[in-house]
Every structure is written in structure tokens, then in C-alpha cells.
Student: 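Handing you this structure, nothing more for now.
Every heavy atom of this structure was used, including side-chain atoms; hydrogens, water molecules and symmetry mates were not. Remember, it's a predicted structure, so these values are computed and weren't measured experimentally. Letters go in sequence order (proteins before strands), and every chain restarts at 1.
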Number of protein chains: 2
Amino acid sequence: MRALIVEDEPRIAADLERALKAAGFLVELAGDGETAWFRGGTEDYDLIVLDLNLPRLDGLSVLKRWRAEGCESPVLILTARGAWTERVEGIDAGADDYLPKPFRMEELIARARALVRRAGGRGNATQQVGRLTVDLNRMTAAVDGIPVAVTPLEFRLISYLALNRDRIVAPTELLEHLYGDDESRELNAVEAIITRLRRKLGPGVIGTRRGFGYHLEDEPPPGAAGDGRAQGRT
Amino acid sequence: MRALIVEDEPRIAADLERALKAAGFLVELAGDGETAWFRGGTEDYDLIVLDLNLPRLDGLSVLKRWRAEGCESPVLILTARGAWTERVEGIDAGADDYLPKPFRMEELIARARALVRRAGGRGNATQQVGRLTVDLNRMTAAVDGIPVAVTPLEFRLISYLALNRDRIVAPTELLEHLYGDDESRELNAVEAIITRLRRKLGPGVIGTRRGFGYHLEDEPPPGAAGDGRAQGRT
DNA sequence: CCCGCCCTGTCAGCCGGCTGTCAGGAAAGC
DNA sequence: GCTTTCCTGACAGCCGGCTGACAGGGCGGG
């Protein structure tokens with residue numbers, strides 16, 4: 001999960017970054033409205049945390065521009081306590097949730113996770129796809145109910161697949177959501193993680209669609225009769 | 001265990017602080033309603049002791065606001081003797097227990113401990129996880145029934161792990177619950193305590209999940225015979 | 001008031017797991 | 001059968017976590 005934090009107060013930004021990283025997010029920062037606008041408009045984030053008080057370009061304007069440009073990332077805005085108008089305006093401008101300052105970090109993490117899950121179409125914290133179970137809160141994975149130890153990066157990959165279960169995810173997209181704007185990684189890095197995951201999870205969990213990308217196997221092959229290609233479409 | 005005392009009478013506050021510290025809590029103080037609200041809304045406490053008579057913002061309002069904001073810490077309210085209505089209102093507002101003034105410190109400690117344990121999902125004063133036993137009242141620890149001498153800080157750490165047995169606890173979270181808002185400590189301090197604890201408790205008690213955090217080992221390896229099968233976690 | 005012990009945080013160095021890269025091999029599509 | 005795409009085992013660098021050593025501070029005893 002790739003997140004963008006838009007916050008000019010360095011101290012708060014650092015706290016947010018630490019908390020989100022601990023929650024398994026890949027975190028990027030923007031300190032003012034203009035860079036925020038640029039980043040959010042250019043890159044694809046699974047979550048944006050947006051403070052409204054910003055230098056150079058205020059948060060509401062940034063949000064409106066994003067939405068006008070077709071950016072659909074879930075946005076969680078941080079408002080000053082009691083600033084009613086800000087909240088209303090924020091929701092109007094396309095925010096998905098708001099959190100009044102000051103707040104506790106757990107609260108933010110909980111809402112952040114809820115937003116990400118909701119964006120995936122399902123509200124539940126434990127995602128079940130075929131034989132695989134992914135617990136987004138506890139950051140654990142299991143196959144057929146048997147827990148499997150996964151590393152942080154492996155978990156990020158598999159949870160991204162779980163949240164995008166009903167489509168094929170391109171390797172380049174995975175690259176982007178695993179490493180953000182760090183361009184130095186090669187595509188093969190994703191393949192390596194996939195291999196390691198498959199070794200841990202066993203066969204029949206992560207599927208490949210040659211030329212398109214990866215996806216989680218929807219259902220266990222119903223009969224022992226192995227018809228190699230159950231999927232009709234291509 | 002991190003506790004917040006909300007009490008404007010300095011004398012009582014000092015008594016409470018002393019007693020809770022002696023009981024192994026990490027104690028922070030708030031002298032009026034507004035700071036109490038701020039602290040409780042921002043930080044994560046394992047217990048809050050709340051006097052209802054407060055300057056600037058009365059206790060019930062503080063409690064209601066906390067609950068409205070999603071604060072779930074157990075709250076023990078102190079009421080004046082015979083103030084029936086206060087108790088009822090307190091429970092309605094989301095208090096977990098109340099104690100009429102004046103009270104004996106032992107009574108408060110007992111209830112405080114009960115609340116903390118209940119928040120951990122188990123009511124028992126002696127927590128058992130795998131080979132480890134932690135007695136929250138006597139502040140003692142034992143492995144395989146053999147008592148182990150632990151220092152106050154070590155005990156706070158291990159009891160926190162015991163009360164959060166069914167999840168991985170991040171080092172930063174331990175830092176927060178061991179030292180509160182004292183930011184001066186480094187992460188390495190936690191690692192040092194872990195090392196000392198492991199030396200005392202022996203292997204197979206405190207486990208590490210690289211990249212995630214620490215947890216108490218759930219079950220002793222059943223037989224000396226290593227079951228070579230792919231263990232889900234280690 | 002001084003002394004000494006215990007507790008505890010910091011530092012530095014070591015170790016091992018995580019992870020990216022490479023190169024060769026297998027499989028799918030034509 | 002050839003090409004393209006993907007898989008995978010091996011290897012190396014890096015970073016996170018572990019640990020022994022040291023120092024400062026608090027507390028109790030003398």
C-alpha cells in the first residue's frame with residue numbers, strides 16, 4: 001500500500017510517517033500544496049493523508065484539483081478541531097473521511113486501513129480469496145487456515161493482490177506500489193518476490209496471466225479433474 | 001502499563017501517582033479537563049483514572065468526548081460519596097468502573113488492575129502464555145513454574161506482551177507504553193531490555209518477527225523431536 | 001554524607017535474514 | 001522449433017535486530 005502524506009509541520013509529518021510505516025504502508029511525503037498537487041496528480045496512491053493548512057496552495061484547492069483531474073485515491077483530511085466549515089467543504093470537495101486534530105495515531109491507522117479496504121470494494125479487515133486469507137490489521141497471511149510467515153515486502157504484495165482480487169495486476173503496477181517513485185528497481189524484483197511467495201504459499205494461490213500480470217486464484221479447482229484452463233476469457 | 005491520572009487536587013494526585021507507580025504503572029498526570037482531553041485523545045493509555053470535579057472542563061464531558069472520538073482506554077472514575085447520579089451518568093458516558101471517594105489505595109489498585117486485565121480480554125490476574133506465567137498483582141514472572149526475578153521495567157514490558165498475546169507488538173509501540181511521551185529514548189533501549197529478558201527467561205519465550213515486532217511464543221515445541229514440517233511461523 | 005550496588009540507556013560491532021540482481025532454464029504462444 | 005515471457009536457484013549487499021561493554025543515576029546502607 002502506497003501512501004502520500006501532505007503535511008507541512010515536520011514533527012507531525014514524522015509521526016504520521018512512522019505510524020503508517022509501522023502499519024505496513026509505503027510512505028511518501030509532500031510538504032506544501034504545490035508538490036502535493038503534483039505528486040497526487042502524477043502518481044497512483046492507495047491513500048492520501050491531507051492536512052488542510054498548507055503553504056503555497058491550501059489543501060482544499062489541492063483536493064478539488066485532484067478530483068477534477070480524475071484522481072480517485074481515497075483522501076483522509078486532517079482538520080482543525082471544531083472547524084465545521086472545513087469538514088463540510090472537505091467532504092464536498094471529495095474527501096472520503098476526515099479526522100479532527102489532535103487525534104491518536106491508532107485512530108488514524110484504523111481509518112486509513114478502512115479507507116484502503118473500502119476502496120478495494122470490501123470493508124472487512126480479513127480478506128479471503130480462494131484458499132488464502134490475509135489479515136490486514138495483524139499483517140498475517142494463511143492458506144487453508146494454516147498461518148504462513150511472510151516478510152514485510154511479501155505482505156505488501158499479497159495484500160495488494162487481495163485488495164485487487166477481481167482484476168489482473170500488471171507487474172509494473174506492483175513495482176510502483178511496492179517501491180513508489182524509487183525507479184531503481186527492476187521488474188525482476190517483483191518476479192523474485194512472487195517466486196518466494198509461491199514457495200511459501202504453495203501452488204494454486206497466485207496465478208499468472210501471461211502478458212498481463214498476476215492475480216489471486218479465485219477458487220480451488222473444484223474437482224481433482226485438472227482441466228488446465230478453467231478460465232474462459234483472455 | 002501506561003496510565004493517565006486526571007485529578008486537580010495535587011495532594012490526591014500525588015497519592016494516586018505514588019500508588020500506581022508502586023503497582024508498576026507508568027504514570028502521567030493531567031490537572032484540568034482540557035489537558036486531560038488532549039492527552040487522552042492523543043495518546044494511548046492502558047488505564048485512565050478520572051476525577052469528575054475538574055476545572056475548565058468537567059470530567060463527564062471529557063469522558064464523552066473521548067468516547068465520541070474513538071478512545072477505548074478503560075476509564076475508572078472517582079465520584080463523591082453518595083453521588084448516585086454521577087455514577088449512573090458516568091457509566092452511561094462510557095466509564096468502565098467507578099470508585100466512591102474516599103477510598104483506600106489498595107482498592108483503587110485492585111480495580112485498576114482488573115480493568116487493565118479485562119481490556120486484554122482475560123480477567124485473570126495470572127496470565128499464562130506458553131511456558132511463561134506472569135502474575136500482574138504480585139509483579140512476578142515464571143517460566144515452567146520456576147520464578148524468574150525481573151526488574152520493574154522488564155516486568156512492564158513482559159506484562160504488556162502478555163496482555164497483547166494474540167498479536168505482534170511493534171517496537172515503537174513498546175517504546176510508547178514503556179516510556180510514555182518521553183521521546184528521548186531510542187529504539188535500541190527496547191532491544192536491550194528484550195535481550196536481558198531473554199537471557200533470564202531462556203529461549204522460546206519471546207519471539208521476533210523481523211520487520212514487524214515481538215510476541216510471546218504461543219506453545220512450547222510439543223516434543224523434543226523437531227517436527228520438521230513447515231511451521232507457519234517462527 | 002559517602003559508598004556501593006543495581007537498574008538502565010547508549011554505543012559499537014556482529015550476525016543473520018531480507019531482498020535485488022544475474023544468468024540460465026522452462027513454458028507458452030506463434 | 002523459435003521467440004518471448006516468466007520462473008528460479010545462486011549470490012551478494014544491506015539493513016534490522018542482537019549483544020557485550022560501559023557509564024550515569026538512583027537508592028539503600030553504613
Side-chain angles (χ1 to χ4, degrees), chain A residues 18 21-22 24 26 139 141 148-158 168-180 182-215 226 228-231 234, chain B residues 18 21-22 24 26 139 141 148-158 161 168-180 182-215 231 233-234:
Chain A
R18 193 169 40 79
K21 273 187 178 169
L26 169 71
M139 294 193 277
V148 175
V150 292
T151 69
L153 204 52
E154 288 167 358
F155 182 79
R156 257 195 259 157
L157 193 157
I158 207 175
I168 308 291
V169 179
T172 56
E173 184 181 343
L174 283 173
L175 204 63
E176 189 175 337
H177 283 257
L178 288 180
Y179 306 107
D182 180 355
E183 309 279 344
S184 64
R185 301 299 162 24
E186 318 228 339
L187 261 178
N188 192 286
V190 171
E191 297 169 5
I193 303 177
I194 291 278
T195 292
R196 282 162 189 149
L197 267 173
R198 286 213 250 242
R199 190 178 307 150
K200 289 182 178 179
L201 303 175
V205 177
I206 303 180
T208 304
R209 205 60 152 270
R210 182 168 259 255
F212 295 97
Y214 301 98
H215 68 108
R229 36 147 196 113
Q231 31 271 74
T234 303
Chain B
R18 200 165 31 77
K21 274 187 178 169
L26 168 71
M139 291 192 276
V148 176
V150 291
T151 69
L153 203 51
E154 288 168 358
F155 182 79
R156 253 195 261 157
L157 193 157
I158 207 175
L161 285 184
I168 308 288
V169 179
T172 57
E173 184 181 341
L174 284 173
L175 207 61
E176 190 174 333
H177 283 257
L178 288 181
Y179 306 108
D182 181 355
E183 307 278 343
S184 63
R185 301 301 163 26
E186 318 231 339
L187 260 178
N188 192 293
V190 172
E191 298 168 6
I193 303 176
I194 292 277
T195 293
R196 284 164 187 147
L197 266 173
R198 285 212 251 243
R199 190 177 307 149
K200 291 182 178 177
L201 303 174
V205 177
I206 303 180
T208 304
R209 205 63 153 273
R210 184 168 258 250
F212 296 106
Y214 300 99
H215 68 109
Q231 55 252 46
R233 52 222 217 110
T234 295

Student: With sequence neighbours excluded, tell me which residues meet side chain to side chain contact (heavy atoms under 4.5 Å, CB included) with B:R185.
Tutor: B:L175, B:Y179, B:D182

Student: Figure out the CD/P separation between B:E191 and C:dA12, and round it to whole Å.
Tutor: 15 Å

Student: Taking only residues two or more places apart in sequence, or in another chain, which ones meet B:E176 in a side chain to side chain contact (heavy atoms under 4.5 Å, CB included)?
Tutor: B:R2, B:E43, B:D44

Student: I need the CZ-C1' distance between B:R199 and C:dT8, as an integer number of Å.
Tutor: 13 Å

Student: Kindly give the heavy-atom pair with the smallest separation between B:L26 and B:G180, and that separation in Å.
Tutor: CD2-N, 3.1 Å

Student: Under 3.5 Å, which N/O atoms of the protein pair with N/O atoms of nucleotides 18-21 of chain C?
Tutor:
| residue | atom | partner | partner atom | Å |
| --- | --- | --- | --- | --- |
| C:dT19 | OP2 | A:T151 | OG1 | 2.4 |
| C:dG20 | OP1 | A:Y179 | OH | 2.8 |
| C:dG20 | OP2 | A:Y179 | OH | 2.9 |
| C:dG20 | N7 | A:R196 | NH1 | 3.4 |
| C:dG20 | O6 | A:R196 | NH2 | 2.5 |
| C:dT21 | OP1 | A:S184 | O | 3.2 |
| C:dT21 | OP2 | A:E186 | N | 3.1 |

Student: Could you give the angle between the helix axes at the two ends of the helix from C:dC1-D:dG30 to C:dC30-D:dG1, with five pairs per end, rounded to 10 degrees?
Tutor: 30°

Student: At a heavy-atom distance below 4.0 Å, which nucleotide of DNA chain D is the first touched by chain A, and which is the last?
Tutor: D:dT4 to D:dA10

Student: What does A:T208 touch in the nucleic acid at a heavy-atom separation under 4.0 angstrom: a base, only the sugar-phosphate, or nothing?
Tutor: sugar-phosphate

Student: Please identify each residue that fulfils salt bridge (charged side-chain N to carboxylate O under 4.0 Å, His left out) with B:R18, with sequence neighbours left out.
Tutor: B:D15

Student: Identify, with sequence neighbours excluded, every residue that meets side-chain hydrogen bond (donor to acceptor under 3.5 Å, both in side chains) alongside A:N188.
Tutor: A:E191

Student: Taking side chain to side chain contact (heavy atoms under 4.5 Å, CB included) as the definition, give me every residue that meets it alongside A:E173, ordered by chain and number, with sequence neighbours left out.
Tutor: A:Y160, A:R167, A:V169, A:A170, A:H177

Student: Applying salt bridge (charged side-chain N to carboxylate O under 4.0 Å, His left out), name anything that partners B:R196, two or more places apart in sequence or on another chain.
Tutor: none

Student: Apply side chain to side chain contact (heavy atoms under 4.5 Å, CB included) to A:T195 and list each qualifying residue two or more places apart in sequence or on a separate chain.
Tutor: A:R199

Student: Taking only residues two or more places apart in sequence or in another chain, which ones pass salt bridge (charged side-chain N to carboxylate O under 4.0 Å, His left out) with B:E183?
Tutor: A:R11

Student: Roughly how far, to the nearest 0.5 Å, is CG of B:L161 from NE2 of B:H215?
Tutor: 9.5 Å

